[in-house]
Structure formats: C-alpha cells, structure tokens
Protein chains: 2
Amino acid sequence: MAISKTFALYQQNLNNDPTLPKKQKDILQASLKLFAAKGFHDTSTADIAQAAGVAEGTVYKRFKTKDALLSAVLSPLTSTVLAETVAEFSETTLAKEYTTLHAFISDVVTNRLAFVNDNLATIKILVGEAIYNTSIRNQIVSAMQAVLTNQYAHSVKALQQKNLIVDWPIKLIFQYTISSIGGYLVKQITFPKQVNSPDEEAPQVIHFLEKGLAPE
Amino acid sequence: MAISKTFALYQQNLNNDPTLPKKQKDILQASLKLFAAKGFHDTSTADIAQAAGVAEGTVYKRFKTKDALLSAVLSPLTSTVLAETVAEFSETTLAKEYTTLHAFISDVVTNRLAFVNDNLATIKILVGEAIYNTSIRNQIVSAMQAVLTNQYAHSVKALQQKNLIVDWPIKLIFQYTISSIGGYLVKQITFPKQVNSPDEEAPQVIHFLEKGLAPE
DNA sequence: TATGAGTGAGTGAGTAGTTCCTCACTAAAC
DNA sequence: GTTTAGTGAGGAACTACTCACTCACTCATA
C-alpha cells in the first residue's frame, strides 16, 4: 500500500489531466466506481477490466499492482490534502486572522462540506481502507495534524486571545468541528442523492458550531 | 448476510453464555479479533481456524457459512440495539421527561460513550461492513430511526415545549448528538489505548452539546 | 463388571472456483 | 522496421466449503 508514493503517482494519474491516455483514464474511473460501490477487496481486476472496456493485461500494463491502482485512485484526494498541508508557507490560506467567530466557522465549514461533497466516492474508499489499514490511517492522521498545527491552531489561538471563541484545548475544538462535518459525510454515504446540498446544510452546521464554541 | 436471523443466533451464540461449547467460543473470539484487525473479507476461514486452535472443518460444523459467523460475531451488538429498539414498551427507558437540558444530554452521552467503549471491536466490524453492504447499513438506519422516534423524539419534544432546548428539527439535534459521539468512536479506533476513558470524555462532550443545543 | 453398539464433536485432505499477475503474442503508431 | 499499446490464455496461490473418517465417550445389555 504505497501511498507514500502518491505524489509521483499524482502527476501521472490525475483524473482530469487531458494528456492522460484514454484507456488509463477509463481504468481509473472504473476503479473509482467499483471500489466505492463494492470495496477494494471485493472488486477483482477482471471486474475493473470489464467495466473499463479493456483487457485485464492492459490494467497491469498501466498499473504495476492492484495496490498501485488503489493509490492512484486515492491520489486526487491525498494530493489535495498534501497541498493544504504544505500551505503553511502560502499567505492566502495561512492562519487568517478572523474578526468574528462566525467568519471563522463559516470559512471552515463551507470549505470542508464542499470538499466532502466533491470527493464523496474517493473519501468513502479512503475511509473504508483506513479502518483496517494502519498505514493509510496514519497518513490521514498526520495530514490532519499538519493542518491542525499549521493553520487551524493559529486562527483559533488568535480568536481565543480576543475572547471570541471558547477557551478549550484547540484539539477539542478541532474534534467537535470535524465531527460535525463527519456527520454530513455519513449522511451522504448513507442516503446518497436525498441529502441536502452543502449550501443548504452549511448554515445549520455553522449555527450549531457557533453556539457550541461561543465563549462562555 | 442474514442478520435478520440474529435473534435466533443470539440465544445460541452469545459470547458470555457459559453453556456454549468451548470451541465455539474460541471460534467466535478468534473471529472477533481477526475481523476487527484485518476486516471480514481479508480474514480467511483458515486464519480463523488456526487462531482458534481448531480444524477448519470444525468452524463449518459450528457455523454454516462465513457470513453466518459474521452475524454471530455481530449479534451481541445487534441484540443490544434490538432490545433498545423494542424499549418503547418499557417504562423505565421510555421517553423520560427531563427537567433540564443537562440531565437529558448527560444521560444520552454517558450511555452512548460507554456503549462505544464496551463494544469497540464489534462496532468497528459493523461500520467496516456497513460502508459497502446496503443491507447492514439499512438495518443500522432503521434501528436508529426506531430509537429516534420511540424514545429520543419524545424527550426532545417535551424539552422544546418547556423551551429548554433549541427549537430545531429533532432530526438535526439527533444528528449533532450522534456526530459528537461518533467523534469519540473515531478517536478510539484511531488511537486505541491512548484515548480518554468515557468518564473523562463525557463531561467535555456534554458541555459542548449543552451549549450548542441550548435554547436561543 | 465387561462388552459393544451408537453418537457426535472434531478432523484435514480434497474440490471447485476465484484471485492477482505474467508473458508470449499481435496490431498499430512512429 | 522498430517501438509501443494492447491482448487474453494460463499459472500459482489462494478462497469458501465438503465429506469420509476417527475416536473419546455413553449406556443398555450380557
């Protein structure tokens, strides 16, 4: 499960790269669909080949192993998160100083709900694998920790100093925020197509978090 | 995936039933351990037999199929939830009328965190299967809906009439509560053994929910 | 008490099927 | 004509599951 190599894979396999050979794109899309529907272990490479309209050998011409194919499928997600993780050096995203709690929570929730919405299938696969795969789980954890310490913590500390947010450990505030967003993720996976759009859901979640995290 | 038969299986397979043949218990315990560690699909019946110190044939003497073994492993959980689902007829648990928001949230959170803590391995397996198995997912959904309409809704409505809780749709209040508890579950799965006990975690979660769900 | 028929939990070699992956090959592109 | 993209039959290793068999045990009969 060589996700550590996803950076290289990313450049080579990104779904919407127009320079990608058509068959390779077909294989990736078929894999995404099948992995999300049946799970990685329950999807055979024969299934993938058939769904992609390609011979099984072609799958292995393009991807060395089935695991590499999984990594390639997950790469749009991991690369996005990686990009954010490195964003500590960017000035646009880095530790904005918010002047109201509402502005901060709005920003975070709106972004994450949209992210969940846009990457639902990939996230589903990632979660399904993370449950049993320590390596994948650790990569998620360290990505989150990077976001937490590089971006989130700064904004929250600033708000705490202005007494605009509750004075709890930052990890806790992070946990409750992520949990609320996770609730939307679960709803999307469980009731696909009959769930609020992120735009409809966001104001409610924001309202709830704003109350729960308001200074006391 | 005949979880619908778990009621029968339950009487026959409950882990702590002392009348259970020793080998059957061994098989169940080995399965629980392996399913939780590697996942259902990645655990072979040969693995289970070896871990249980039993021949593979014995596994099939005790459990008709591998799916039946999964159902048996999940049965302590499903039976517990079933019991609660039927609790609409019980008077002790039914729709208590709470006099403060704190009492209500305390009750719910304390119970659920303890439940998560006590059934971690089983819940992990259940979640892992639910992601890709519509049937299991639907059973979870209907169990939750039963709890929601039979117990939760009554208490919340009563609190709303006394203006002790926020006036949002009950489904939303339920969602945020479950999400917060889900956060603890994810922490437990991700960092086993280095996470707060339910007793330590509960007051914080209660505090957060109490603020977020306070009337406006 | 000694015998032996009967029972059923336990076994593990075996089966049919599926898995991932390879490789000698062909067709097409440059 | 050489290189590359694509093929699909085939193999080794696995899978869930079966079944003919063993053997420690019980218990009615001699």
Side-chain angles (χ1 to χ4, degrees), chain A residues 1-3 5 9 12-13 17-35 37-74 125 128-129 132-133, chain B residues 1-3 5 9 12-13 17-35 37-74 125 128-129 132-133 135-136:
Chain A
M1 205 71 44
I3 287 220
K5 288 183 188 160
L9 282 165
Q12 175 186 347
N13 293 322
D17 180 349
T19 68
L20 261 191
K22 182 185 177 301
K23 302 233 165 186
Q24 185 153 346
K25 241 159 104 177
D26 291 346
I27 293 169
L28 279 171
Q29 264 159 5
S31 300
L32 176 67
K33 195 175 155 187
L34 289 173
F35 288 166
K38 310 200 302 173
F40 177 70
H41 286 286
D42 231 15
T43 302
S44 69
T45 48
D47 288 343
I48 295 168
Q50 201 192 8
V54 146
E56 210 177 337
T58 308
V59 174
Y60 281 91
K61 268 272 152 67
R62 299 298 181 156
F63 303 93
K64 239 185 154 204
T65 64
K66 200 189 164 194
D67 273 356
L69 184 49
L70 174 62
S71 295
V73 166
L74 295 180
I125 298 168
E129 290 306 304
Y132 299 117
N133 187 316
Chain B
M1 205 71 46
I3 288 221
K5 287 181 189 162
L9 282 165
Q12 175 184 348
N13 294 323
D17 180 349
T19 67
L20 261 191
K22 182 185 177 300
K23 303 236 164 186
Q24 184 154 345
K25 240 159 107 176
D26 291 346
I27 293 169
L28 279 172
Q29 265 159 3
S31 299
L32 176 67
K33 197 175 154 185
L34 289 173
F35 288 166
K38 311 201 301 174
F40 176 71
H41 286 286
D42 229 14
T43 302
S44 68
T45 48
D47 288 342
I48 294 168
Q50 201 191 8
V54 144
E56 209 176 338
T58 309
V59 174
Y60 282 91
K61 269 273 155 66
R62 299 298 182 157
F63 303 93
K64 237 185 158 205
T65 64
K66 201 188 164 196
D67 273 356
L69 183 49
L70 174 62
S71 295
V73 166
L74 294 180
I125 299 168
E129 289 307 302
Y132 298 117
N133 186 317
S135 152
I136 290 192

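- Atom-to-atom, CG of A:Asp26 to C1' of D:dA5 comes out at 14 Å; the value is rounded to the nearest Å.
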Would you list the atom pairs, donor with acceptor, under 3.5 Å between side chains in residues 43-51 of chain A and any protein atom, with sequence neighbours excluded?
unit_1  : atom_1 : unit_2  : atom_2 : d
A:Thr43 : OG1    : A:Leu34 : O      : 3.4
A:Thr43 : OG1    : A:Gly39 : O      : 2.7
A:Ser44 : OG     : A:Asp47 : N      : 3.0
A:Ser44 : OG     : A:Asp47 : OD1    : 3.3
A:Ser44 : OG     : A:Asp47 : OD2    : 3.2
A:Thr45 : OG1    : A:Glu56 : OE2    : 2.8
A:Asp47 : OD2    : A:Lys38 : NZ     : 3.0
A:Asp47 : OD2    : A:Ser44 : N      : 3.2

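- Here the side chain of B:Thr58 pairs no donor or acceptor atom with the backbone of B:Val54 at under 3.5 angstrom.
- In this structure, CD1 of B:Ile27 is placed 14 Å from P of D:dC17, rounded to the nearest angstrom.
- Side chains of B:Lys66 and B:Leu70 form no contact here, defined as non-hydrogen atoms less than 4.5 Å apart.
- D:dG6 atom C1' lies 17 Å from atom CD1 of A:Ile48, rounded to whole Å.
- Legend: residues meeting side-chain contact (heavy atoms from CB on, under 4.5 Å) with B:Ala37, ordered by chain and number and at least two apart, are absent.
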I'd like a list of close polar pairs between nucleotides 10-20 of chain C and the protein, N/O only, cut-off under 3.5 Å.
unit_1 : atom_1 : unit_2  : atom_2 : d
C:dG10 : OP2    : B:Arg62 : NE     : 3.2
C:dG10 : OP2    : B:Arg62 : NH2    : 2.4
C:dG10 : N7     : B:Lys61 : NZ     : 3.1
C:dG10 : O6     : B:Lys61 : NZ     : 2.9
C:dT11 : OP2    : B:Ala55 : N      : 2.9
C:dT11 : OP2    : B:Thr58 : OG1    : 2.5
C:dT11 : O4     : B:Lys61 : NZ     : 3.4
C:dG12 : N7     : B:Gly57 : N      : 3.4
C:dC20 : OP1    : A:Thr43 : O      : 3.4
C:dC20 : OP1    : A:Lys66 : NZ     : 2.7
C:dC20 : OP2    : A:Thr45 : N      : 2.8
C:dC20 : OP2    : A:Thr45 : OG1    : 3.1

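- Within the 4.5 Å cutoff, no side-chain heavy atoms of A:His41 are placed close to those of B:Phe40.
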